[in-house]
There are 2 protein chains.
Amino acid sequence: MTIKDVAIRAGVSVATVSKALNNYRDVSVETRARVRKIVREMGYRPNPIASTLVKKESSIIGFVLSSFQEKQRTSILTEWLSGLFTNIATLGYEVMILPVDTQIQRKKSFAQFIRDYHLAGVILQGLRIDDRYYVEAASSDTPRVLIDMVSDRPGVGSVMIDNEAASREAVSYFISRGHTRIAHVSGRADAWISATRVNGYRAALESVGIEFNPSYVVNGEFGEEPAFAAADALLHRCPEITAIFCASDVMAMGVMRAVRTHGLRIPDDVAIIGFDDVEWARMVTPPLTTVRQDFHGIGYEAARMLHRMISGTSPGSKLYVPHEFVIRESAG
Amino acid sequence: MTIKDVAIRAGVSVATVSKALNNYRDVSVETRARVRKIVREMGYRPNPIASTLVKKESSIIGFVLSSFQEKQRTSILTEWLSGLFTNIATLGYEVMILPVDTQIQRKKSFAQFIRDYHLAGVILQGLRIDDRYYVEAASSDTPRVLIDMVSDRPGVGSVMIDNEAASREAVSYFISRGHTRIAHVSGRADAWISATRVNGYRAALESVGIEFNPSYVVNGEFGEEPAFAAADALLHRCPEITAIFCASDVMAMGVMRAVRTHGLRIPDDVAIIGFDDVEWARMVTPPLTTVRQDFHGIGYEAARMLHRMISGTSPGSKLYVPHEFVIRESAG
DNA sequence: TTGTAAGCGTTATCAC
DNA sequence: GTGATAACGCTTACAA
């Protein structure tokens with residue numbers, strides 16, 4: 001069933017049907033109503049492919065996924081998507097996944113792809129700011145919002161939690177419990193959020209006059225193993241440390257293992273705070289004190305912002321989604 | 001840049017370019033080569049939208065997602081997708097996510113959507129066999145493969161692990177450790193896999209002459225809380241139980257909590273086995289003995305089968321992906 | 001072997 | 001207000 005069938009049945013031209021359906025003003029109120037009624041009766045739906053071909057704009061948004069590499073952050077993706085969909089499905093968008101993996105040799109360039117399908121907008125989520133795909137997308141003119149990254153370009157939306165404030169809270173908690181020799185296991189250096197979290201860590205220390213000690217900051221690469229190794233070396237080098245703030249829960253697991261390897265107890269000898277509050281953070285022993293990110297909310301807001309950008313309601317902006325410091329047992 | 005530009009530059013008609021690009025035999029070897037060379041030089045890519053409009057077949061495959069409801073199975077989705085993509089991206093398909101949630105009122109019917117976009121194929125993953133969307137899709141004629149479900153219809157692919165064998169192994173392990181009063185916390189009744197796992201549990205018992213006791217099987221609904229409640233009631237009712245086989249790791253967490261609530265030790269008083277081997281299964285205390293599902297592999301195989309179905313190489317079939325029984329500490 | 005031209009199902013531009 | 005009609009970029013009979 002095509003628009004032609006509807007036109008015949010309604011006794012008008014296809015042009016009129018199209019206009020009635022697309023809310024053009026040069027259609028009489030009666031015909032619009034009549035056409036719509038018939039459309040409903042017939043169960044007609046315009047073919048989005050044909051429509052895209054001529055309008056050069058689809059209702060598909062792309063979700064750029066570069067974190068298949070991040071084997072450890074699996075559940076986060078789902079929550080983003082879940083938030084995305086609760087907002088976007090009702091607005092009539094479809095979502096296409098654009099996997100970005102240096103392993104997978106895509107024949108199509110990323111920007112090419114956006115143009116091919118005339119994507120309405122794109123949500124990017126990739127930790128690495130220097131990623132080729134990120135750069136490509138950034139140079140496109142499609143509405144786009146970034147998750148966990150910021151862009152220097154105007155008009156690019158970005159949504160995340162206030163990583164610096166969150167880190168400051170976490171470290172301040174340590175300080176309030178009397179800790180002064182506090183270390184930080186940071187994430188990958190090329191990730192936007194890593195630097196920000198280090199900043200928060202540093203700010204918290206300096207706000208109470210504790211000098212920032214660069215050798216207390218080690219890189220756990222957002223992985224459990226690297227975090228274990230980094231923490232292990234750290235504890236050897238600086239046995240005076242009594243607290244470790246980790247930039248992710250996964251790394252916190254590696255760090256906890258390292259601490260135990262050194263025969264130390266958690267939190268009595270070394271207190272630990274994680275980041276993310278993944279689903280199992282409360283299940284480990286001891287339950288992890290951590291910063292909860294509302295991943296669902298981040299996805300939701302990203303979709304909302306993108307929609308506003310697409311519809312021209314508002315330009316992209318920077319949005320902080322509320323976070324929450326969750327006290328359990330690993331930090332005393 | 002369109003096919004026309006290529007045609008002009010190559011000094012041939014658009015039809016010839018199209019034929020050269022689509023491997024028609026009625027193009028001379030030389031022109032095909034020349035056209036392709038020019039295409040490469042110009043960086044031309046055919047517009048998939050236009051192509052879909054006339055061919056009535058796209059290179060988009062749909063991934064039906066009904067598990068946003070399953071808040072607990074978050075990381076599994078990512079692994080499926082990851083497997084899917086490692087196979088499918090190189091084959092030139094794109095992936096569209098079709099969220100299916102009774103909460104989200106979709107305007108479009110599911111079958112409608114498949115037709116609208118002329119999806120090349122669909123991968124369905126929904127636990128509930130009576131799901132409206134599942135039925136809709138099942139009645140479509142698009143190539144489709146199911147994950148964790150089987151279809152009575154011929155030509156529908158399905159991939160999963162051998163749930164019955166896996167359950168049998170798990171329960172047999174209990175038996176080999178001397179347990180005889182073994183309970184089972186099952187998953188949602190409307191899920192295909194639930195019944196199969198119960199069957200495996202039962203088969204293992206009966207194979208050594210232990211009578212199947214229906215009151216030893218309780219329903220944990222695949223959730224931690226329901227599993228806790230179910231196990232709590234079970235332990236009250238049948239304190240003689242010494243081992244519990246859980247149909248998911250998440251439920252195992254609830255069960256472990258229930259066991260401890262009753263002042264019992266794991267695995268000394270009550271041994272526990274989970275199912276899935278999610279990322280954190282080895283991190284809990286005690287580390288969970290469980291059945292590892294290769295979710296990545298399942299996604300990979302589903303994509304492979306779908307591709308073969310689309311290209312007509314082979315019809316859909318039923319495929320078991322290997323699983324692995326992982327012994328840690330929760331089962332003694 | 002190649003080119004012409006008629007679609008595919010829409011929307012957009014004009015006349016009417 | 002409404003309706004022809006020409007796009008949109010491609011594939012595919014059918015002619016040449």
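We name chains A, B, ... by the order of the sequence lines, and we start the count at 1 in each one. The figures that follow rest on heavy atoms only: side chains count, while hydrogens, waters and symmetry mates do not.
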Problem set entry | Stepwise side-chain hydrogen bond (donor to acceptor under 3.5 Å, both in side chains) test for Ser75(B) and Thr78(B) | CA-CA 5 Å; Ser75(B) 57; Thr78(B) 310; over 6 Å; no
For this session: Could you give me the CA-CA distance, side-chain angles and deciding distance for Met149(A) and Ser158(A), then say whether side-chain contact (heavy atoms from CB on, under 4.5 Å) is met?
Result: CA-CA 7 Å; Met149(A) 296 184 290; Ser158(A) 89; over 6 Å; no
For this session: Evaluate the criterion side-chain contact (heavy atoms from CB on, under 4.5 Å) for residue pair Ile147(A) and Ile123(A); output intermediate values, then yes/no.
Result: CA-CA 7 Å; Ile147(A) 289 179; Ile123(A) 294 180; 3.9 Å; yes
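Inspection of the His296(A) and Ser82(A) side chains reveals an N or O donor paired with an N or O acceptor under 3.5 Å.
Asp5(B) has its CG atom 11 Å from the P atom of dC8(D), to the nearest Å. At whole-Å resolution of the value, CG in Asn23(B) and P in dT1(C) are 14 Å apart. dA13(D) atom P lies 11 Å from atom CG of Asp26(B), rounded to whole Å. dT2(D) atom C1' lies 13 Å from atom CZ of Arg32(A), rounded to whole Å.
Within the structure, every pair that satisfies the salt bridge (Lys or Arg N to Asp or Glu O under 4.0 Å) test and touches residues 3-14 of chain B, not counting sequence neighbours, is listed here: Arg9(B)-Glu41(B).
Not counting sequence neighbours, Arg308(B) has no partner by the salt bridge (Lys or Arg N to Asp or Glu O under 4.0 Å) test.
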For this session: If a protein heavy atom is under 4.0 Å from the base, mark B; if only from the sugar-phosphate, S; if neither, -; do that for nucleotides 4-13 of chain C going 5' to 3'.
Result: B--BBBBBB-
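Within 4.0 Å of Thr52(A), counting heavy atoms only, lies no atom of the nucleic acid at all.
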